[in-house]
Structure formats: C-alpha cells, structure tokens
Number of protein chains: 2
Amino acid sequence: MDRLLQSVKISINEKIFLKDPQSSDLGKRIIQESILMISEMGFESFTFRKLGMRIGSNESSIYRYFENKHKLLLYLTSWYWGWLEYQLVFSTNSMADPVEKLKKAIEIVTRATEEDSAFSHINEVLLNKIVINEYSKSYLTKEVDADNKDGYFVIYKRLVSRISQMIQAVNPSYRYPSSLASTILEGSLHQHFLKDHFTSLTNCHGNVAPTDYFIDLVFNSLNKDLNG
Amino acid sequence: MDRLLQSVKISINEKIFLKDPQSSDLGKRIIQESILMISEMGFESFTFRKLGMRIGSNESSIYRYFENKHKLLLYLTSWYWGWLEYQLVFSTNSMADPVEKLKKAIEIVTRATEEDSAFSHINEVLLNKIVINEYSKSYLTKEVDADNKDGYFVIYKRLVSRISQMIQAVNPSYRYPSSLASTILEGSLHQHFLKDHFTSLTNCHGNVAPTDYFIDLVFNSLNKDLNG
DNA sequence: CAAATATAATAGTATTACTATCATATATTA
DNA sequence: TAATATATGATAGTAATACTATTATATTTG
C-alpha cells in the first residue's frame, strides 16, 4: 500500500477495550499473536490462557486489555473494516464517474486481501481469513442490540452506508441500495468461504473471483451496462 | 400446509445422531424443547444440562441421542432445510414456465416462515429464527471439511443445487448460477437478521420483504423482465 | 417370567472463563 | 534520589461447561 498510510491509525471505539492495545508493546503482541492463533485454531478453541502462554505473558495481563475474547474479536474485525474503509475512501475519493467509482469500490471490498506493510504487527491476510470465518459470530449473539447500541459495529455500518451511497449515485431510482450494499460485503465473505470449503455452491474458483460475480450482480441490478 | 405432508418424514443423515430422536417420546421432547430453548437463550447459553432440567429428564439421557450440542444444531438445521426443500419441490414440481418456477422458488425460500401443523413437535417459526441466528455457526468451524465429508450438509447443498438448476433453466448462459443460488439462501437469512437488528443496513422492513429484493436481484441478473 | 433395552441418578474430570490478591519490575515525579 | 504510581506477573480460587463412567431402576419385548 501507499506510503501515505504509514502515518494512519485505524481508530476504534474505546468501549471495546479496557486499555488501548496500540499503546504498549504487550498490547501489540496481544493483537499480533491473537491473529495468528485465531486463524490457526479457530475462535472457539482460542483462549486468553493459551495466548498468554504463547506470548510469554500472563492470562491476567491480557484481561487488563480486553474484558473477554468476544471483545477482542470485535476489536480485530473493527480494525479490519476500518482498514478496508480507509482503502475504499482513499482509492475512490478522486473519482468522478459514479459507475467507475462503484466498480472500484466493489473491487476493493471483495478482492482477496494482500499484506499491508504499514501495520507491521498485523497480518492482514490472516485477519481477512478470521473475518471470513468468524465475523458473523461477533453479531449473531443475544447481545447484538446492546452491542450495537454501544457502537461496536459503527465502522462496518459506515462502510455499508458508503457503498449504499455509491449505488444510489449510479441509479437513484434503485429500491434496495442498502440491501445490495450489505449483500456485497456479507456475500463476499461467504463466496470466499464457499470457494475454500463448498466448491459446488459457488462459481468462484481459481480463474473467477468473487469480484467478477459481484460486479456482474450489481450492475445488472442497476441496469447499467458496464461497457457501453 | 397441505394434508399430504402429514405422512411425510424429513429424513436426516443418520451419522448426525446416535439414536433417532423421531423414534421415541423422549427424542421428540428433546427436539421440541431444544427449539424453544435455543431460540430463547441462544445457542451459546444452551446446554444439555439445562435442557434435561426443562424436560424433566437427565443430561446423560440426552447424550444418548446426540454426541454434543453441535450435532443437535446440525440436526435441527438439516431438518429445516429438508422441510424447505420439500415445500420447494412440492410447489414447483408441476410448473412448466421456468421463470414462474424460479420466482415461486425464491418466494418459498426467502419468505417469513409460517407454522406447519404437519409436524406437531416442531415449531417452524422458532426453528426459522434459530436458522437465521445460528446456522452459520454450524459450518464456520475448524471441522467443516470433515463434517462436509460426513455428509452433514447434504440437504442444504441439494437445495442450493436445485435453485441453481432453476436459474440455469431461465438463462443457460448466466455464468454464476451456483453463486447466485447460495446468495439467495444465505442472503435471505442475512436480510431477515438485518431487518430485526440493523435496520439501516437493509431496505427490507414492514412493507418490503426480502423476497421482493431477491426477485428483483435475480431477474435483473438473468436479464429477464418479469412482466413482459 | 426372563432378558433386553431405555432412562435416571449420581459422581467425577479436565477445561473454560473468569475474579481476586499479592508481588515485583519499571517509569515518573517531587 | 527517594517516593510513588503504573504495568505486568504469579498464584489461587470459583462456578460453569462439556463431557464420561458407573450403577440403579423402569419399561418393553420375546
């Protein structure tokens, strides 16, 4: 990614953590290693005790940063969506043509993730894997409404809203801009998952990317022929 | 639903259970009450111990039917998809026009669930709520590939495949029939969830149903104008 | 009626998800 | 430089979870 990003910090709702993990060395190790561990063993098997052993620190010290592992997941996924949002805004900001702009936006949010050297303690490729496999668990809980009220999903909602607005800019009379925007984000995670585990349920594979599918889907819905 | 269904039994992969819950009174109570409890308290808080207390039975007896609660969830969701599949096949079987047929199929799989008197111990409305809130947890695990190999998702896959075929019948040159079919099923659950918890992320609400959105989405993708 | 089967009761285990307390190391400031 | 604040570590403890094992008691079936 661009060098300009080097000075950027993804800012996350302070209620998610007890102590900002970006503020200390231990905090950064918690983030760095939790990404590795959750992508390795899955969120269910991951515990603060295991994380402590791995980073040579104590369970109780980790609890001083996050109330529980659910909050840590909210932190990681918020960071991911914030990072995507930054790329989206950065890349589409100067674009004038709404069709090209939306196309670019879809490309950014549906493509396979590449490493970003701007954040050395975060492995974005593995974090993307975590988002694909675990994101829905962060909101499919009995506490969604309370968590939503506490603002734990603001970044994600803002991202959907931005895409929704881009959709409206292309076709103001389209009736489902928010539903289509949420379908792109959530559906993209799902297609990436299917191509890894249920190949018969998707047409995405080596040569066909989820991006191709969603660009086709969106512009057909908006009745815009892309090349003509 | 139709009286014909009265004699129908949804058949589920025998590897999912240790003893068929449809074969005994206790088994049926396990199914009946687990649906009530999981929809009330969520899958995370639900335990066999609590279920035992509620049905006046013993934890250990429930373990003779299901290895663990994950298997029970697989059972419940498989039953749900089998029930939906039955309705799909039953309702579209005699239809000749591929467009009308696909439209009917989308209606069936995306509509809000209504009670079905044919299965007295199963509350389909609450089961649908469980599928919306918990289904993804049944496959977003480290064991997906093994579970898939064991055939725990066959009914769901068959349902996606049926819809995919209907899509191909409408437009044989459409390039993403499987992705679109999986988007309809998974996306429908998601839109129903959003309308209950994240209203700003969807255009579905009282007057606009997910069905309306998906019919528009699908037929635009297939370049078929519905009325003309 | 005997034998098989289903269910219930009880107990026990390792692990999880914490909370609490106290000790020690390091950094800040008076 | 000493006093103090802050961060981290070590240890212990608790209630609940997710089981397994064993034994007892009903109930069904041959």
Side-chain angles (χ1 to χ4, degrees), chain A residues 14-34 37-38 40-76 121 134 137-138 140-143 146-147, chain B residues 14-34 37-38 40-76 121 134 137-138 140-143 146-147:
Chain A
E14 306 212 336
K15 282 190 199 159
I16 290 184
F17 48 76
L18 298 169
K19 181 181 165 156
D20 187 354
Q22 309 214 53
S23 72
S24 72
D25 180 65
L26 177 60
K28 282 180 194 139
R29 269 156 55 223
I30 289 173
I31 299 306
Q32 178 166 29
E33 290 297 319
S34 67
M37 287 182 79
I38 295 173
E40 265 169 36
M41 60 174 62
F43 188 64
E44 277 63 47
S45 303
F46 169 82
T47 69
F48 280 180
R49 166 169 266 268
K50 291 175 188 167
L51 175 61
M53 288 164 85
R54 176 119 149 209
I55 63 180
S57 174
N58 200 275
E59 197 186 2
S60 61
S61 302
I62 299 166
Y63 275 104
R64 291 209 185 80
Y65 285 82
F66 295 100
E67 266 180 72
N68 50 53
K69 68 175 181 173
H70 186 248
K71 287 279 175 77
L72 172 58
L73 179 62
L74 286 169
Y75 181 91
L76 295 176
H121 65 297
E134 324 287 358
K137 297 172 192 167
S138 77
L140 294 177
T141 68
K142 279 288 154 187
E143 298 80 35
D147 285 358
Chain B
E14 305 213 338
K15 281 192 201 159
I16 290 185
F17 48 76
L18 298 169
K19 181 181 166 158
D20 187 353
Q22 308 214 55
S23 72
S24 73
D25 179 66
L26 177 61
K28 281 180 194 139
R29 270 154 58 222
I30 288 173
I31 299 307
Q32 178 167 29
E33 289 299 318
S34 67
M37 287 182 78
I38 295 173
E40 266 169 35
M41 60 175 61
F43 187 65
E44 277 64 45
S45 303
F46 169 82
T47 69
F48 280 180
R49 166 169 266 267
K50 289 175 188 167
L51 176 60
M53 289 164 86
R54 177 119 149 208
I55 62 179
S57 174
N58 200 277
E59 197 187 1
S60 61
S61 303
I62 300 166
Y63 275 105
R64 292 219 184 72
Y65 285 83
F66 294 100
E67 265 181 75
N68 50 51
K69 68 175 181 172
H70 186 248
K71 287 279 175 78
L72 171 59
L73 180 62
L74 286 169
Y75 181 90
L76 294 177
H121 66 296
E134 325 287 358
K137 297 171 193 168
S138 77
L140 294 176
T141 67
K142 279 287 153 187
E143 297 79 35
D147 285 358

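Lettering of chains follows the sequences in order, A, B, ..., and the numbering in each one begins at 1. Being a predicted model, the structure only gives us computed values, none of them experimental.
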A side-chain contact here means heavy atoms from C-beta on lying under 4.5 Å apart; do A:Phe66 and A:Leu74 qualify?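 Counting from C-beta outward, A:Phe66 and A:Leu74 never come under 4.5 Å.
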Do B:Ile31 and B:Lys28 make a side-chain contact, defined as non-hydrogen atoms from C-beta onward lying under 4.5 Å apart?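 A side-chain contact under 4.5 Å is absent here.
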What is the minimum heavy-atom distance between B:Arg64 and B:Leu18, and which atoms define it?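 The answer is O-CB, 3.3 Å.
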Which atom pair, heavy atoms only, marks the closest approach of B:Arg29 to B:Ile55?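 Closest pair (atom of B:Arg29, atom of B:Ile55, distance): NH2-O, 2.9 Å.
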Taking DNA chain D as the partner, which of residues 45-58 of chain A come within under 4.0 angstrom of it by heavy atom?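 When residues 45-58 of chain A is checked for heavy atoms under 4.0 Å from DNA chain D, the hits, listed by number, are A:Gly56, A:Ser57, A:Asn58.
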Nearest 0.5 Å please: distance from the CZ atom of A:Arg54 over to the CD1 atom of A:Ile30.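 A:Arg54 CZ to A:Ile30 CD1: 14.0 Å, rounded to 0.5 Å.
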Whole-Å distance between [N] [atom2] and [X] [atom1]?
| X | N | atom1 | atom2 | value |
| --- | --- | --- | --- | --- |
| B:Arg29 | C:dA6 | CZ | P | 16 Å |
| A:Tyr63 | C:dT19 | OH | C1' | 9 Å |
| A:Arg64 | C:dT21 | CZ | P | 13 Å |
| B:Leu26 | C:dA9 | CG | P | 12 Å |
| A:Leu72 | C:dC18 | CG | C1' | 15 Å |

Under the 3.5 angstrom rule, does the side chain of B:Ser45 hit a backbone N or O of B:Gly42 as a donor-acceptor pair?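 It does not hold such a pair.
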Donor-acceptor pair, side chain of B:Lys137 and main chain of B:Leu73, under 3.5 angstrom: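 No, B:Lys137 side chain to B:Leu73 backbone: no donor-acceptor pair under 3.5 Å.
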Partners meeting side chain to side chain donor-acceptor pair (under 3.5 Å) with A:Asp147 (sequence neighbours left out):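 Result, side chain to side chain donor-acceptor pair (under 3.5 Å) vs A:Asp147: none returned.
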Under 6.0 Å from the six-membered ring centre of B:Phe43 and within 45° of its axis: does the NZ or CZ of B:Lys69 meet both?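 Yes, cation above the ring, under 6.0 Å and within 45°.
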DNA chain C: B:Lys19 or A:His70, which has the more 5' nearest nucleotide?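 The 5'-side residue here is B:Lys19.
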Is the phosphate of C:dT7 approached by B:Tyr65 (side-chain N or O, under 4.0 Å from OP1 or OP2)?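 Indeed, a polar side-chain atom of B:Tyr65 lies that close.
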Which is true for B:Glu59 with a 4.0 Å heavy-atom rule: it touches a base, it touches only sugar-phosphate, or it touches nothing?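 It contacts base atoms.
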With a 4.0 Å cut-off on heavy atoms, is B:Phe66 in touch with a base, just the backbone sugar-phosphate, or nothing at all?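 Nothing, no heavy atom under 4.0 Å.
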Hey, where on DNA chain D does chain A first and last touch, going 5' to 3'? Cut-off is any atom under 4.0 Å from a heavy atom.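 The contacted stretch runs from D:dA7 to D:dT11.
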Earlier contact from the 5' end, DNA chain D, for B:Lys69 and B:Ser60: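 The residue closer to the strand's 5' end, by nearest nucleotide, is B:Lys69.
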